[in-house]
Every structure is written in C-alpha cells, then in structure tokens.
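As structure tokens, the structure follows; a few thoughts come after it.
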Protein chains: 2
Amino acid sequence: MTVTDQAATGRRDRKKAQTRAALTAAALRLVAERGLEHVTVEEISEAADVSSRTFFNYFTCKDEALTDDPALDGNPVVAHLAAAPARVSALQAVRVALDEAIGAIQADRELWRLRLTVITQNPALLPRLVAGNSATEQAMVAVVATRLGVGPDHAHPPLVIAVAGAAFRTAMLRWAADDDARPLHDFVDEAFAAIAAGLPDPPSAC
Amino acid sequence: MTVTDQAATGRRDRKKAQTRAALTAAALRLVAERGLEHVTVEEISEAADVSSRTFFNYFTCKDEALTDDPALDGNPVVAHLAAAPARVSALQAVRVALDEAIGAIQADRELWRLRLTVITQNPALLPRLVAGNSATEQAMVAVVATRLGVGPDHAHPPLVIAVAGAAFRTAMLRWAADDDARPLHDFVDEAFAAIAAGLPDPPSAC
DNA sequence: TAAAAACTTGCAGGCTGTGCAACTTCGCTC
DNA sequence: GAGCGAAGTTGCACAGCCTGCAAGTTTTTA
C-alpha cells in the first residue's frame, strides 16, 4: 500500500488511484516480460480490466504509463527549490529539493526497481525519466535564476538544472542496478558531490 | 552546399543525400510554420517530392527527420574520444572529441538554428538532441571507462557522459537563441569550464 | 549490354491517440 | 433517501504513424 494511501478524499479518488496503479503495474509487468514493442495498449488495459479508451483517459501515451509516477509530481520539487536556504549553492539547493522525491522512490522501491529495469531495457524511455524538457524543468530554471539574482538569459540556471537532472538520472539507474541495499540518496549524494568537485578523474583501479 | 558535398562516391549516393536533405528541409520548414502536430509525414514527403513510403526508408519516425543529421554521426565522436590525449581529464577529453561535430554544426549554422528553434518550440524533440540514450552514449561510456582504467560498473563514466551531454545540449540551445554571432564553441567551452569548476554560483548581477 | 544490387512506390494492415456521444457511478443537498 | 449535477467509463469512428511485402525502376558492375 504505497501508492493508494495518499489522502484519497472519497471513494472516487481512491478508485482512480487504484485504476492508475493497476494500469502502471500491468504495463510494467508486461513490458518487462515481452519488451516495449510487443505489448499493446489493449493488452495493458485488458490486464488492468478497463477499456483501452480508459487507458488514454489516464495516460496520453503508452510510455507515460511506464515512466510517470504520482509520487514524482513536479510541483513539490519546485516549491522545495524555492524554499531552499539561500546560503547553499544552486546545485546544492536542487539536491535538497529532490529529497522528498528520493524518499518517495525509496519507499516504493520494488516498483521503481522494476520501472528502472524496464527503462534500461527500453532506452527509448530513458529521456522520460526526469523529463529533460517539461514545464517542471522550466520552472526550476526560473526559480534558480531568481535565487541567483541573474536575468532570464543567463547561462547558469539552465546548465545547473540540466546537469542536476543528468546526475539524478544516472544515480537512479545505478541504484536500480545495485545488488546491495544502498539507499538511493547515497548514489545521488555521490553524483552531486562529484559534480561539485568539478568531475575530477577518479584514481585508477590498477 | 554544406550538406551534399561530403564525398559522394557515385550518383546514387549523391541522390540519396539530396533526398534526405530535401526531406529534412521540408520537415523543418513545415514544422516551423505550423508546429509538430499539424504536419503529417505525407505533407513532408509531398513537399520533398517523394512518396511517404520513401520517407520511412530514410527515417524511422517523423521526429528523426527533424533532429538527426549526417554531420553528427556518433562514430567519429567515439573515435576522437578514444584518441584524446591521456593527460587531460575525461571531461576535457569529451570536450575535445566534440570539436569536429561543433565545427560541422557551425558550418551548417542556418540549418541548425532553424532546427534548434523547432526543437525549442516542440520540447518533445529535445531529448533526441544528443541522444540521452543511444548506442553512441554507451560506446562513449565504455571508452571513458577504459581510459580511466576502471571497471564497467564504476559510477564515473556514465556520470561524465550524461553531464557532458547536458552541457552540450544547453550550449547548443543558447547558441541558437543568441543574436550576436558568437561561435558555438564559445558556448560549449563556457559550459564545460563551469562544470570543471564545480558549478559555483556566479556573482549576482545586482 | 546484361545481370545484380539498390532504391522507390503502392498496398494492406496493425497500432496509437483523440473527439464525441451515450451511459454509469459517485457526491452532495434538500 | 431522492434526485441532481459532476465525474468517470466505454464504444465508435477516424486520422495518422509505421512496417512488411512485392512489383517496378534506376544505378552499378562485370
């Protein structure tokens, strides 16, 4: 019960969350078994016991059912970024803003490991992970620009957001592939620390 | 004549390059005018005077006609990365490896500015710019791992490649939006320098 | 010049994704 | 607790994407 337990005010919202979760679960399971190209929306819908028309009431495309997660709504991230302490760097502020999302992923780790496995096996999905475009990224760029007191055309904010996204994405993939039980925030901290250090070459392992 | 002048051995190859360029140009022009969703493959093909079936002999999907460019073939980039001097950091090696591609883009700058405008106006295309997945990225990760003498599971190579890709992408977008005639490599150098410095906050402009 | 290879095209067909119009379910109020 | 309106589900029709296949055409090569 990690997906449906968020303040579902009435029966209607509860059912919606259930249907959505069922579609996501069915989509991930089927694609893990057969690969992205060998699963149709109709099959996913059937597995979740709804019509395929209903599928498209929840998701705008097949990929979205595999990658999007209500726990990763962009608004809280942007809000936390805006609320981050002023004394840390913009990069660290982004790191802090991601904390809640990292916690949510860690809490739902079985689902997310499956999701990340599916994404790894179907690289076409990778760009959907931490958008890479999207309104959320635009909003984060704007918040960082305000925070730094620079104009909207300054080079720094989009660079910081793009790099932070890349770091988060690689950290998630490594976390999912990891056999030990290291928590996600370890991998994220490692990546952000390496970036803050200017990405120096690590000592060779020879 | 910047697209068709690459060693086209025979008439057949010359015609192929012409057809491809015509399709790309038609696609970019129509999408710039009407937006991605209001242009069909059939219209693009008609504008380039081929059948829509032929369109799909050149591109696997509509987006590919807008984003892919023969001048940005991944193989030379990987080769240059493998040939980069051993004394510079992996990050700098990637920067060096991109030099030829940067030159090609700069040489074809009218086409590329249109392309980047189209990508900016249709963010769904953005992830296709400098893949974000793709065999080329995998190959670059492998080359960096070898270069550093670390195992294939080390965290550094994928992080460096992902971050470098993010930097290159943001640099291209800023270059295309820039009104002055600053060359692309300026923007790329700026981004890579900021990353090598650990992305410190810039001095506020107040 | 003739055979082989490569390219183009039309056609058939499956899948994606959307607008629309019923129909059903749910929440709320009197 | 009856009923009204909002919200969700579904089927249907349809445009568009993309692929496989087979037939026809052009270019290369011998």
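Here is the naming used below: chain letters follow the sequence lines, and residue numbers restart at 1 for every chain. This structure is a prediction, so every number in the text was calculated from the model and none was measured.
Rounded to an integer number of Å, the gap from CZ of A:F56 to C1' of D:dG11 is 14 Å. Taking atom CG on A:N57 and atom P on C:dT24, their separation rounds to 17 Å, with Å as the unit. C:dG14 atom C1' lies 13 Å from atom CD of A:E37, rounded to whole Å. When rounded to the nearest whole Å, the span between CG of A:D63 and P of C:dG17 equals 7 Å. One interatomic measurement links the two molecules: CZ of B:R20 to C1' of C:dC7, which rounds to 15 Å at whole-angstrom precision.
B:D189 and B:R95 are joined by a salt bridge, as a carboxylate oxygen and a charged side-chain nitrogen come within less than 4.0 angstrom of each other. Between B:D186 and B:R182 there is a salt bridge, since a side-chain N of the basic residue sits under 4.0 Å from a carboxylate O of the acidic one.
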Output one line per pair: protein atom, nucleotide atom from nucleotides 12-16 of chain D, and distance, for all N/O pairs under 3.5 Å.
none

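Backbone-only engagement by B:T60 is indicated by non-hydrogen atom pairs under 4.0 Å involving sugar-phosphate atoms exclusively. B:F59 comes within contact range of no nucleotide atom at all, as no heavy-atom separation falls under 4.0 Å.
Using the six-membered ring where Trp is involved, A:F55 and A:F59 have ring planes that are tilted, between 30° and 60° apart.
With A:R174 contributing its side chain and B:D153 its backbone, the two residues share a donor-acceptor pair below 3.5 Å.
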